[in-house]
2 protein chains.
Amino acid sequence: MIPEPSLRRLPTYLHYLRSLAMRGREVVSTSTIAGFLKVDPTQVRKDLSYTGIVGTPRVGYDVPDLITAIEHYLGWDNTSDAFIVGVGHLGKALLGYEHLAEYGVNVVAAFDIDPDQVGKRFRDVEILSADRLPELARRMKVHLGILAVPAAAAQETADAMIRGGILAILNFSPTTLTCPDHVMVRDADFYSNVAVLTQFLKGHFSRKETTTW
Amino acid sequence: MIPEPSLRRLPTYLHYLRSLAMRGREVVSTSTIAGFLKVDPTQVRKDLSYTGIVGTPRVGYDVPDLITAIEHYLGWDNTSDAFIVGVGHLGKALLGYEHLAEYGVNVVAAFDIDPDQVGKRFRDVEILSADRLPELARRMKVHLGILAVPAAAAQETADAMIRGGILAILNFSPTTLTCPDHVMVRDADFYSNVAVLTQFLKGHFSRKETTTW
DNA sequence: AGGTGTGAATTTCTTCACAGCA
DNA sequence: TGCTGTGAAGAAATTCACACCT
């Protein structure tokens with residue numbers, strides 16, 4: 001079983017490798033990857049080894065092979081169908097992001113309660129009425145839900161997703177959802193990053209004020 | 001020094017505690033918090049102890065005190081001034097989020113290159129021309145930058161931020177930024193969460209297919 | 001020399017176990 | 001009894017050290 005931190009780093013490697021491939025690079029070493037992404041080279045090797053790829057000593061890894069291996073390991077060569085719920089600015093930002101398929105996500109429909117939005121399309125995705133969500137999730141066998149509604153509506157929307165058989169929720173709303181154990185929720189979690197950054201700034205300035213060291 | 005995982009959990013506690021306070025709850029135990037957020041009670045106590053708060057045995061923690069302690073520890077009682085760069089859907093979603101101040105962020109201006117946007121206001125925040133960013137960051141002593149531009153413009157925008165003396169960047173663009181060591185970058189990192197969720201779904205379905213156990 | 005691959009050591013984070021208090 | 005607070009144990013992740021390959 002892959003450690004979660006390793007799993008979370010794989011998409012970053014993938015992104016970097018794709019940019020290398022685009023520039024025609026055929027081969028890369030873990031120290032190059034590590035240097036660019038500011039992590040430890042051994043760590044990169046360990047992480048990559050979970051995908052089953054092998055490199056050639058003295059040379060490195062074949063870039064296209066490596067991309068394929070990571071994509072396959074993540075299952076991103078076979079995208080998961082997903083619903084986006086909430087077509088405000090955030091939902092639109094997500095829908096507007098063209099490369100979702102490269103990250104394993106295939107948005108098959110969007111939902112909103114706003115009658116002005118329902119029936120329209122945004123970036124080729126149909127916007128449907130939110131009350132049809134459970135029924136359609138079940139019928140279309142969609143198991144991934146992206147939650148982009150205001151905080152006040154987040155829990156009931158999650159409930160509707162779960163009623164529709166959705167098993168994995170990516171939660172962009174600033175709320176802690178209560179969900180049954182068989183459902184996995186990940187918070188997009190703007191705030192924990194803010195905490196790390198503001199803490200860093202705080203340290204930066206208090207160090208300037210206090211004289212010694 | 002607080003471990004980073006603990007630091008990242010503090011905002012979640014804060015959020016939950018605020019919801020308790022709103023409902024008039026005066027006292028809470030770590031097991032209650034832990035039960036709701038699905039973490040270990042001891043962990044919650046350890047995390048909270050970094051803020052310097054003490055609870056009373058047999059009773060728990062005073063909710064308002066706890067909120068104050070976390071806010072103070074994070075420095076969120078004294079918000080950091082921030083710039084948002086990029087006023088597309090994502091930038092608007094962030095600007096539209098009213099409660100940023102509760103999370104220690106005070107957005108003092110937004111920037112874009114689109115002449116149609118520049119000069120307007122969105123949610124009381126002025127939208128300025130992106131080329132003024134370095135100068136204004138320096139003059140207004142802004143040290144926190146929120147990057148919400150398309151991938152193609154991300155690196156140059158980050159460079160402009162850094163020229164302006166910005167020290168901490170929250171990067172919402174799907175790009176790995178190259179920045180000097182004295183600058184801290186955090187990626188909002190949609191994809192690592194997607195990786196965890198799709199992996200979960202993969203496991204879910206392959207377990208159903210394979211018969212044994 | 002300059003890479004990969006991996007067991008072992010180390011560090012970091014989490015959980016346990018229990019003392020102490022109201 | 002039901003909670004906090006914390007040292008110690010345990011688990012997990014990272015980094016080191018080195019064998020091996022071209």
Side-chain angles (χ1 to χ4, degrees), chain A residues 1-13 16-17 20 25-70 73 189 192-193 195-196 199-200, chain B residues 1-13 16-17 20 25-70 73 189 192-193 195-196 199-200:
Chain A
M1 192 58 182
I2 188 172
E4 185 168 319
S6 297
L7 179 56
R8 298 182 71 89
R9 281 187 295 265
L10 288 179
T12 316
Y13 302 148
Y16 174 60
L17 291 164
L20 289 183
R25 177 92 171 246
E26 296 195 346
V27 134
V28 70
S29 73
T30 51
S31 39
T32 306
I33 299 174
F36 187 76
L37 300 177
K38 291 183 185 157
V39 295
D40 185 275
T42 310
Q43 179 125 261
V44 178
R45 284 202 288 281
K46 282 243 159 81
D47 291 346
L48 294 181
S49 75
Y50 291 107
T51 68
I53 192 92
V54 294
T56 51
R58 154 88 210 186
V59 180
Y61 296 84
D62 181 84
V63 173
D65 284 0
L66 198 40
I67 291 173
T68 308
I70 297 176
Y73 182 80
D189 214 355
S192 57
N193 283 315
V196 174
Q199 191 73 4
F200 168 74
Chain B
M1 192 59 183
I2 188 172
E4 185 169 319
S6 297
L7 180 56
R8 299 182 70 89
R9 282 187 293 266
L10 288 179
T12 316
Y13 302 147
Y16 174 61
L17 291 164
L20 289 183
R25 177 92 171 247
E26 298 196 345
V27 133
V28 70
S29 72
T30 51
S31 39
T32 307
I33 300 174
F36 187 77
L37 299 177
K38 291 185 186 157
V39 295
D40 186 274
T42 310
Q43 180 124 261
V44 178
R45 283 203 289 280
K46 281 241 158 84
D47 291 345
L48 294 181
S49 75
Y50 291 107
T51 69
I53 191 93
V54 293
T56 51
R58 154 89 209 188
V59 180
Y61 296 84
D62 182 83
V63 173
D65 285 359
L66 198 39
I67 291 172
T68 308
I70 297 176
Y73 182 80
D189 214 354
S192 56
N193 283 315
V196 174
Q199 192 73 4
F200 168 74

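Chain naming here is simple, since letters A, B, ... match the order of the sequence lines and numbering starts at 1 in each.
Each of Asp65(B), Leu48(B), Asp47(B) was evaluated against Ile70(B); a single residue qualifies, Leu48(B), per the side-chain contact (heavy atoms from CB on, under 4.5 Å) test.
Distance CD1 (Ile33(B)) to C1' (dG2(D)): 15 Å, rounded to an integer number of Å. The distance from atom CD1 of Ile2(A) to atom P of dA13(D) is 10 Å, rounded to the nearest whole Å. In this structure, the CG atom of Leu66(B) is 13 Å from the C1' atom of dT4(D), given to the nearest Å.
Taking the six-membered ring for Trp and the full ring otherwise, Tyr73(B) and Tyr50(B) have centroids separated by 6.0 Å or more.
Remark on the helix from dA1(C)-dT22(D) to dA22(C)-dT1(D): inter-end axis angle 10°, axes from five-pair C1' superpositions, rounded to 10°.
Against DNA chain D, the stretch residues 40-64 of chain A makes heavy-atom approaches under 4.0 Å through Asp40(A), Thr42(A), Gln43(A), Lys46(A), Pro57(A), Arg58(A).
In this structure, Arg25(B) places its CZ atom where more than 12 heavy-atom neighbours from other residues, nucleotides or ligands lie under 6.0 Å away. Residue-environment remark: CD (Glu4(A)) exceeds the threshold of 12 foreign heavy atoms within 6.0 Å.
Checked by atom type and distance alone, the side chain of Thr68(B) pairs as donor or acceptor with a backbone atom of Pro64(B) at under 3.5 Å.
Sorted by first then second residue, the side-chain hydrogen bond (donor to acceptor under 3.5 Å, both in side chains) pairs that include residues 30-41 of chain A, not counting sequence neighbours, are Ser29(A)-Ser31(A), Ser29(A)-Thr32(A), Thr30(A)-Arg45(A), Asp40(A)-Thr42(A).
Closest heavy-atom contact between Tyr61(A) and Leu66(A): CB-CD2, 3.6 Å.
In this structure, Thr30(A) reaches the sugar-phosphate backbone alone: every heavy-atom distance under 4.0 Å involves primed, P, OP1 or OP2 atoms, never a base.
Annotation: side chain of Asn193(A) is not in contact with side chain of Asp189(B) (no heavy-atom distance under 4.5 Å).
Contact check, Arg8(A) against dA13(D): no side-chain N or O comes under 4.0 Å of OP1 or OP2.
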